[in-house]
Amino acid sequence: MMDWFKCIQAYNLSHIMLFAPEPKLQAYGLGWGRGGVLAEDFYAATFLRMHAAYVRGDYEAAWAEEKWKFSAEAVFNSFPGAPKRMVYQQLAGINMGQPRLPAAPFIPSQAPDLFARLQAVNFFNNTIPPTF
């Protein structure tokens with residue numbers, strides 16, 4: 001969570017950050033101050049790397065970053081309930097209780113598989129903010 005706050009503090013002065021589901025590469029084409037979207041704490045670093053690549057004209061790197069985000073989302077979407085909540089709980093070391101929605105909560109016995117599949121897409125390294 002602290003990495004997310006560091007990213008926001010470092011980047012928020014530019015006023016290009018709006019809060020929404022996750023970074024989307026096509027949003028940068030809307031122009032400075034109108035594009036970036038971010039709400040998932042996990043993707044603050046993705047936003048920074050993708051935007052930096054876009055600004056320097058390295059569209060292949062920007063697209064690769066977005067494709068990585070899609071691969072991480074595919075892992076989360078393959079589990080029922082609220083698997084992101086389980087990751088937050090594990091990383092922060094707190095018990096957040098049961099989610100209100102969806103009706104079918106995450107199955108705790110699937111946590112080892114969730115974490116193994118996230119590790120396989122390099123999730124825990126790619127969520128660390130870059131240094132510029």
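One distance of note links NZ of Lys69 with CG of Asn126; it measures 13.0 Å at 0.5 Å rounding. Remark: Arg49 CZ to Asp58 CG distance equals 13.5 Å, nearest 0.5 Å. Residue Tyr54 holds its OH atom at 12.0 Å from CZ of Phe47, rounded to the nearest 0.5 Å. Separation of atoms CZ (Phe79) and CG (Asp113) is listed at 4.0 Å; rounding is to 0.5 Å. If you take CG on Leu118 and CZ on Phe76, they are separated by 4.5 Å, rounding to the nearest 0.5 Å.
Shortest non-hydrogen contact noted between Ala72 and Val121 is CA-CG2, 4.3 Å. Between Glu66 and Met50, the shortest heavy-atom distance links the atoms CB-SD, 4.0 Å. Scanning both residues, Ala61 and Arg56, for their nearest heavy atoms gives CB-NH2, 4.2 Å. Of all heavy-atom pairs spanning Phe123 and Val87, the tightest one is CE2-CG1, 4.2 Å.
Considering only residues two or more places apart in sequence or on other chains, Ser71 meets the side chain to side chain donor-acceptor pair (under 3.5 Å) condition with none of them. The side chain to side chain donor-acceptor pair (under 3.5 Å) test applied to Asn77 returns no partner, not counting sequence neighbours.
Between Pro83 and Gln110 there is no side-chain heavy-atom pair separated by less than 4.5 Å.
A side-chain donor-acceptor contact under 3.5 Å links Tyr43 and Glu73.
A continuous path of Ile, Leu, Val, Met, Phe, Trp and Tyr side chains, each step under 4.5 Å between heavy atoms, connects Trp68 with Phe124, placing both in one hydrophobic cluster.
The aromatic rings of Phe70 and Trp63 sit perpendicular, their planes meeting at an angle over 60°, well past the 30° parallel limit.
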